[in-house]
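The next block holds one structure in the form of structure tokens; read it before the comments.
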Amino acid sequence: MTFLFDLFFTLVTFEAHVYKHEIERLRITLPQWERAVIESGAYLGHVTEPMALMRDFVRCAGVTISEEELRALCEGRIARVREIMTNVRPEILATLAELGCRGHKLCLVSNADAIDLLPWPGSPLASLFGEAIFSCEVHLQKPDPAIYLLAANRMGVKPEDCVFIGDGGSNELAGAKAVGMRTAQARWFLQREVEGADCKLERVEDILGIV
């Protein structure tokens, strides 16, 4: 069986909201910043240099700051993403390793921008996955059916032979289900009602019970 995993709020999480630092420094609301990220096209890889990416976010948010403030904002974001990519919970690493030992293939499918990619090679997660598909590299983002089909193709399997596991953000479970994949909602970081889940998993170790 092939397992496709979301990354943020499924395998790693932030102690506070991912954008808490930005909205506090810029004195804007969370919805304003989230709209700015979407409008920037960051998840589709329209901008790839970190400072340029952060400059685009700030511009789309309608805020004017100095170059020094922008650099501090960018460096803060890079540091926080590196921290969570490096300090992965032991039970998550152990469960993924056990899936691999049982002969299952693992593929990461994440909506991510260029800053999110920077610490991935040094993350203990990286060696556990056969493929890592980041939206900004393939210019596709969940829940577009094409990104799930791309993942299945790269893994050399049919969609119906895959299980997609994620917290459910971006309608990712419904997107996976639409192409014929089984789906499981990861609830160990976030508990919320989402569409498209065939089952709900309260602990990461519960994954071992569905194979």
Side-chain angles (χ1 to χ4, degrees), residues 1-15 18 80-112 116-138 140-143 145-170 172-192 194 196-211:
M1 187 178 295
T2 298
F3 286 88
L4 277 58
F5 282 88
D6 169 47
L7 177 58
F8 297 107
F9 304 108
T10 299
L11 301 178
V12 298
T13 193
F14 295 82
E15 287 188 9
V18 59
R80 285 181 296 120
V81 175
R82 180 180 293 114
E83 180 182 4
I84 69 161
M85 291 276 208
T86 302
N87 300 313
V88 184
R89 291 188 181 182
E91 66 270 22
I92 289 177
L93 295 174
T95 299
L96 295 176
E98 178 61 24
L99 288 172
C101 287
R102 294 185 184 188
H104 301 294
K105 298 179 181 180
L106 305 183
C107 177
L108 187 81
V109 184
S110 175
N111 283 352
D116 296 329
L117 264 60
L118 294 176
W120 175 253
S123 172
L125 289 166
S127 63
L128 298 172
F129 286 86
E131 288 282 347
I133 296 175
F134 294 101
S135 63
C136 63
E137 290 188 319
V138 300
L140 298 166
Q141 71 183 86
K142 297 176 291 186
I147 197 170
Y148 304 97
L149 295 176
L150 174 63
N153 183 61
R154 285 196 181 179
M155 298 302 288
V157 297
K158 298 177 181 179
E160 54 266 34
D161 295 326
C162 298
V163 177
F164 180 87
I165 299 175
D167 66 278
S170 302
E172 61 185 0
L173 299 175
K177 196 170 183 63
V179 300
M181 295 181 177
R182 291 171 56 195
T183 57
Q185 182 190 5
R187 290 171 54 87
W188 43 88
F189 287 133
L190 297 177
Q191 293 79 41
R192 56 183 174 186
V194 298
D198 291 319
C199 66
K200 299 178 180 182
L201 307 175
E202 303 299 332
R203 304 178 309 141
V204 67
E205 297 91 340
D206 294 341
I207 297 171
L208 301 175
I210 65 175
V211 296

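We use all heavy atoms of the structure for the numbers below, so side chains are in, but hydrogens, waters and symmetry mates are not. Only a predicted model underlies this, so the values are computations on that prediction, with no experimental measurement involved.
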Between [X] and [Y], what is the shortest heavy-atom contact and its length?
X    : Y    : result
C162 : V157 : SG-CG2, 3.5 Å
M1   : F3   : SD-CZ, 3.7 Å
L11  : F189 : C-CE1, 3.9 Å
M181 : P159 : CG-O, 3.2 Å
F129 : L108 : CD2-N, 3.4 Å
L208 : E98  : CD2-CG, 3.8 Å

Tell me, do [X] and [Y] make a side-chain contact under 4.5 Å, heavy atoms counted?
X    : Y    : answer
F134 : N111 : no
D6   : D167 : yes
S110 : D116 : no
R154 : V138 : yes
F5   : I92  : no
C107 : I133 : yes
I210 : L201 : yes
F164 : K177 : no

Candidate pair R203 and E91, rule side chain to side chain contact (heavy atoms under 4.5 Å, CB included), full reasoning: CA-CA 9 Å; R203 304 178 309 141; E91 66 270 22; over 6 Å; no
Spell out, as yes or no, whether a donor-acceptor pair under 3.5 Å connects the side chain of [X] to the backbone of [Y].
X    : Y    : answer
T183 : D198 : yes
Y148 : P143 : no
Q185 : R192 : yes

Geometric class of the F8/F14 ring pair [parallel <30°, tilted 30-60°, perpendicular >60°]: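 Parallel, since the angle between the ring planes stays under 30°.
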Steps toward side chain to side chain contact (heavy atoms under 4.5 Å, CB included) verdict (D161, T2): CA-CA 6 Å; D161 295 326; T2 298; 5.8 Å; no
Euclidean distance, K105 NZ relative to L4 CG, rounded to 0.5 Å: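 Here the interatomic distance stands at 11.5 Å.
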Spacing of L93 atom CG and S123 atom OG [to the nearest 0.5 Å]: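 Result: 7.5 Å between the selected atoms.
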Evaluation steps, side chain to side chain contact (heavy atoms under 4.5 Å, CB included), between V163 and I207: CA-CA 10 Å; V163 177; I207 297 171; over 6 Å; no
Trace of the salt bridge (Lys or Arg N to Asp or Glu O under 4.0 Å) decision for K200 with D206: CA-CA 9 Å; K200 299 178 180 182; D206 294 341; over 6 Å; no
Derivation and outcome, side chain to side chain contact (heavy atoms under 4.5 Å, CB included), residues L7 and L125: CA-CA 10 Å; L7 177 58; L125 289 166; 4.0 Å; yes
